[in-house]
Amino acid sequence: MNAKILLLPGDGIGAEVVREGVRVLDAIAARYGHSFCYEEGLVGGAAIDAAGTPIPDETLRKLKTADAVFFGAVGGPKWDHAPVRPEAGLLRIRKELGVYANLRPAVLFPALASGSPLRADVVAGTDLLIVRELTGGLYFGKPKARDATKAVDTMTYTAAEVDRIARFAFRAAQGRRKILHSIDKANILETSRLWREVVTRLAPEYRDVTVHHMLVDTASMALVQRPTQFDVLVTENTFGDILSDEAAAVVGSIGLLPSASLGDAPPYFYEPVHGTAPDIAGQGIANPLGCILSAAMMLRYSFQLEREAAAIESAVARALDDGVRTKDLAGQSGVSTERMTNAILERLPRG
Ligand code: IPM
Ligand code: MG
């Protein structure tokens, strides 16, 4: 197949890992007879420096002609006091693309069981999918404002927004172990009461899925007490942001987590869950696996290349089985970003 992929490397280690993701995509293209062409765009702090805005019009135009968007990370101390922060560029892209369903799988690679801060017997078998609502809630609700003495953010959801993300999660659960936890704060928040009502109303349409409603504070505890009870979790934007970092820690490192952000129509958006990691940027030691696994999700969800996606995922699992680790997982003995990727390339099938 032919596809045009828009690369938005962004800042810090974002650029370092996207480069590795592209090496893996190129290897897949060569081995399986596909042709990926790339266009590059500015976003985040890099775009502020070059064009005075975290999301130049040219980047917005490029979004329109891409088949998929491959994103690194944005932000960093340099821009913490910029009038418009780098993160605003990312939020604008999510909204612009209408990618309301953010899939964040957190899977424990058996080779990394001892790398979790939790006991190996607690984490063994963890395989969950967070379905995070991505274009609503506190991130986008109006009014959003501040002056010297007061600040306001607004959490808003319409029933239609909850309906579409809940359906997404129900369908995801149907393709997995058929357990859905809907996470909310219905004891306090009106938006959560609406959320719970909508999910409850939909449940009879998905009779094969067992639904549990759980408060977000309870869920954050349950995630470390017994992560294996979860299959699919569906939750609003902010709760999903927080719980996905927690899930990342449970399985060993945030450097491992990929994500796909999907909507009703392409292009869809792929990014590792980690940020720009200013403390290690420029050293060539970032873990590229979250980004490489995001490339696998792109092949699966944007291009329906299931076999190729699975080939990447199994190469990653085998590299970890063989003891190849970046420094976030192995400390000083860890290998460089580039060598980690080489280990994946060596383990890809010939096609
Ligand atoms: C994430 C990140 C982003 C978010 C930031 C960088 C805006 O934390 O993708 O989880 O809060 O959504
Ligand atoms: Mg986050």
Side-chain angles (χ1 to χ4, degrees), residues 8-18 21 42-48 53-55 59 69-82 84-106 128-141 144 153-155 157 161 165 183 216 219-220 223 233-251 253-263 268-281 286-287 289-291 293-294 297-298 328:
L8 299 176
D11 308 318
I13 65 166
E16 298 171 38
V17 296
V18 164
L42 282 168
V43 69
I48 294 178
T53 158
I55 178 79
T59 302
V69 182
F70 196 37
F71 180 93
V74 290
K78 182 175 174 194
W79 305 283
D80 275 352
H81 302 287
V84 186
R85 294 178 54 118
E87 291 82 354
L90 173 58
L91 299 193
R92 176 75 192 277
I93 293 173
R94 290 173 177 171
K95 197 72 173 177
E96 210 51 48
L97 294 177
V99 287
Y100 58 84
N102 180 215
L103 309 188
R104 297 189 160 185
L128 59 86
L129 174 68
I130 295 179
V131 179
R132 170 188 176 194
E133 201 291 326
L134 200 61
T135 54
L138 274 181
Y139 278 59
F140 295 97
K144 182 185 262 304
D153 292 291
T154 304
M155 173 130 37
Y157 271 105
E161 286 176 297
I165 189 73
I183 312 295
V216 64
S220 72
L223 207 46
L233 298 86
V234 61
T235 192
E236 69 88 35
N237 205 342
T238 306
F239 298 161
D241 177 47
I242 298 167
L243 292 176
S244 58
D245 272 29
E246 191 188 2
V250 167
V251 297
S253 168
I254 192 155
L256 293 168
L257 257 66
S259 85
S261 302
L262 313 179
Y268 302 142
F269 184 81
Y270 300 86
E271 60 171 321
V273 172
H274 65 71
T276 54
D279 54 323
I280 60 160
N287 186 342
L289 296 183
C291 190
L293 291 167
S294 300
M297 293 183 90
M298 178 193 305
D328 53 321

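Scope of the values below: all heavy atoms of this structure, side chains included, with no hydrogens, waters or symmetry mates. Since we're looking at a predicted model, the values are computed, not measured. Both counts, for ligands and for their atoms, begin at 1 and track the order of listing.
Contact of the D11 side chain with the P86 side chain is registered, since non-hydrogen atoms from C-beta on lie closer than 4.5 Å. No side-chain heavy atom of F140 sits less than 4.5 Å from a side-chain heavy atom of D153. For the pair N237 and Y157, the minimum side-chain heavy-atom distance is below 4.5 Å. Residues I48 and K78 are not in side-chain contact: their nearest non-hydrogen atoms beyond the backbone lie 4.5 Å or more apart. Residues E133 and T135 are in side-chain contact: their nearest non-hydrogen atoms beyond the backbone lie under 4.5 Å apart.
The two atoms that bring I13 and A281 nearest to each other are CG2-CA, 3.8 Å, heavy atoms only.
The shortest contact between atom 4 (C) of ligand 1 and any protein heavy atom is with Y139 OH, 3.4 Å. Among protein heavy atoms, atom 2 (C) of ligand 1 sits closest to D241 OD1, 4.0 Å. From the protein, the heavy atom lying nearest to atom 3 (C) of ligand 1 is R94 NH2, 4.0 Å.
Nearest to the Mg ion (ligand 2), among the N, O or S atoms that D241 has, is OD1.
Contact annotation for H274 and ligand 1: no heavy atom of the residue comes within less than 4.0 Å of the ligand. Only the side chain of R132 comes within contact range of ligand 1, with a heavy atom under 4.0 Å; no backbone atom does.
The shell of residues lying under 4.0 angstrom from ligand 1, judged by heavy atoms, includes R104.
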